[in-house]
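Given the structure is predicted, the values throughout are model-derived calculations rather than measurements.
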Amino acid sequence: MNIALVGSNFSLRGYLPAINKFKKLKLKIICSRDKNKISKKILRKIDHESDWKNIFSKNIDLIILAVPPKLQEKILLFNMKYKKKIIFEKPISSNYLTSKKIVEKLKMNKIKSDINLTYLNHSLFQKTKKL
């Protein structure tokens, strides 16, 4: 299964090691605004895109999002046209009603999706990090 990661912070620390554990998964693209955040060792094996819209025309089976809610919302809505399998973070959007509409559209369009819940932005986690 060919995978694209969108986002270079958590996606590289959290998702990349998990992907590398499975032989059937192949990371093809990392999409980030700043290519310099990604090691040259990784970039030798994987393509880089700076515009997330470009990954939809590539041979990708699964897109994994690790981006802020506002951007994630845009990508999820854009994907309605392409119907790529997608994993995204919580919250889906910064607005509850928009999140609800996105979930309804995912179901209506029969887009395979899943939500990953991380606590990196939770206030309790942030306080704990400062200790």
*asked:* How long is the straight-line distance from CE of Met80 back to CG of Leu106, given to the nearest 0.5 Å?
replied: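 Spacing of CG (Leu106) from CE (Met80) equals 4.0 Å.
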*Among all residues two or more places apart in sequence or in another chain, which pass the side-chain contact (heavy atoms from CB on, under 4.5 Å) test with Ile29?*
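Testing Ile29 for side-chain contact (heavy atoms from CB on, under 4.5 Å), a comparison that skips the adjacent residues, returns Ala4, Asp47, Glu49, Ile55, Lys58, Ile60.
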*Nearest-0.5 Å distance, NZ of residue Lys85 to CD1 of residue Ile3*: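 Going from NZ on Lys85 over to CD1 on Ile3, the span is 10.0 Å.
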*asked:* Working to the nearest 0.5 angstrom, can you tell me the gap between Leu5 CG and Leu16 CG?
replied: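 Nearest 0.5 Å value for the CG-CG distance: 6.5 Å.
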_side chain to side chain donor-acceptor pair (under 3.5 Å) partners for Ser32, two or more places apart_ =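 With neighbours one apart ignored, the set is His48.
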*Using a 4.5 Å cut-off on heavy atoms from C-beta on, say whether the side chain of Glu89 contacts that of Leu65.*
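Side chain of Leu65 against side chain of Glu89, heavy atoms only: no contact under 4.5 Å found.
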_Within-4.5 Å side-chain heavy-atom neighbours: Lys74 and Lys70_ =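 They are not in side-chain contact.
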*Partner residues of Asp61 under the side chain to side chain donor-acceptor pair (under 3.5 Å) criterion, sequence neighbours left out*: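 If we apply the side chain to side chain donor-acceptor pair (under 3.5 Å) test to Asp61, skipping adjacent residues, there are no hits.
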*From Ile86 atom CD1 to Ile111 atom CD1, the distance as rounded to the nearest 0.5 Å*: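 One gets 8.0 Å once the value is rounded to the nearest 0.5 Å.
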*side-chain contact (heavy atoms from CB on, under 4.5 Å) between Leu77 and Lys105, intermediate numbers included*: CA-CA 8 Å; Leu77 290 170; Lys105 285 183 177 189; 4.2 Å; yes
*Any Tyr15 side-chain heavy atom under 4.5 Å of Ile87 side chain*: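 When only atoms from C-beta onward are counted, Ile87 and Tyr15 do touch, with a gap below 4.5 Å.
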*Kindly assign one of parallel, tilted or perpendicular to the pair Phe56 and Phe78, based on the angle between their ring planes and the thresholds 30° and 60°.*
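Geometry flag for Phe78 against Phe56: perpendicular rings.
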_Main-chain N/O of Asn59 paired with Asn2 side-chain donor or acceptor, under 3.5 Å_ =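 Checking the backbone N and O of Asn59 against the side chain of Asn2, a donor-acceptor pair under 3.5 Å is found.
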_Ile30-Phe22 co-clustered via ILVMFWY side chain contacts under 4.5 Å_ =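 Both belong to a single hydrophobic cluster.
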*Shortest non-hydrogen contact from Pro91 to Pro69?*
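The pair with the smallest heavy-atom distance is CG-CG, 3.8 Å.
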*asked:* Tell me if the NZ atom of Lys84 is crowded by more than 12 foreign heavy atoms within 6.0 Å.
replied: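 More than 12 within 6.0 Å, yes.
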*Drop me the distance from Glu73's CD to Lys101's NZ, to the nearest 0.5 angstrom.*
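The NZ atom of Lys101 is 10.5 Å from CD of Glu73, to the nearest 0.5 Å.
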_Contact summary for Phe88 and Ser113, nearest pair of heavy atoms_ =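 Looking at all heavy atoms of both residues, the closest pair is CE2-CB, 3.7 Å.
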*With sequence neighbours left out, write down each residue that passes side chain to side chain donor-acceptor pair (under 3.5 Å) with Asn95, or none if nothing qualifies.*
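Only Thr98 meet the side chain to side chain donor-acceptor pair (under 3.5 Å) criterion with Asn95.
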*Mind checking salt bridge (Lys or Arg N to Asp or Glu O under 4.0 Å) for Lys35 and listing every partner two or more places apart, or none if nothing turns up?*
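Listed in chain order: nothing, the list is empty.
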_Non-hydrogen side-chain atoms of Leu27 and Lys45 separated by less than 4.5 Å_ =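 The answer is no, as the side chains (C-beta and beyond) never meet within the 4.5 Å cut-off.
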*Counterpart residues, side chain to side chain donor-acceptor pair (under 3.5 Å), relative to Ser99 (two or more places apart)*: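 With neighbours one apart ignored, the set is empty.
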*Out of curiosity, Ile46 CD1 to Ile38 CD1, how far, rounded to the nearest 0.5 Å?*
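So the gap between those two atoms works out to 8.5 Å.
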*State, with a plain yes or no, whether a side-chain heavy atom of Ile19 is found less than 4.5 Å away from one of Ile64.*
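In short, these two side chains touch, coming nearer than 4.5 Å.
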*Close side-chain approach of Asn109 to Lys83, heavy-atom, < 4.5 Å*: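 Of all side-chain heavy-atom pairs linking Lys83 with Asn109, at least one is under 4.5 Å.
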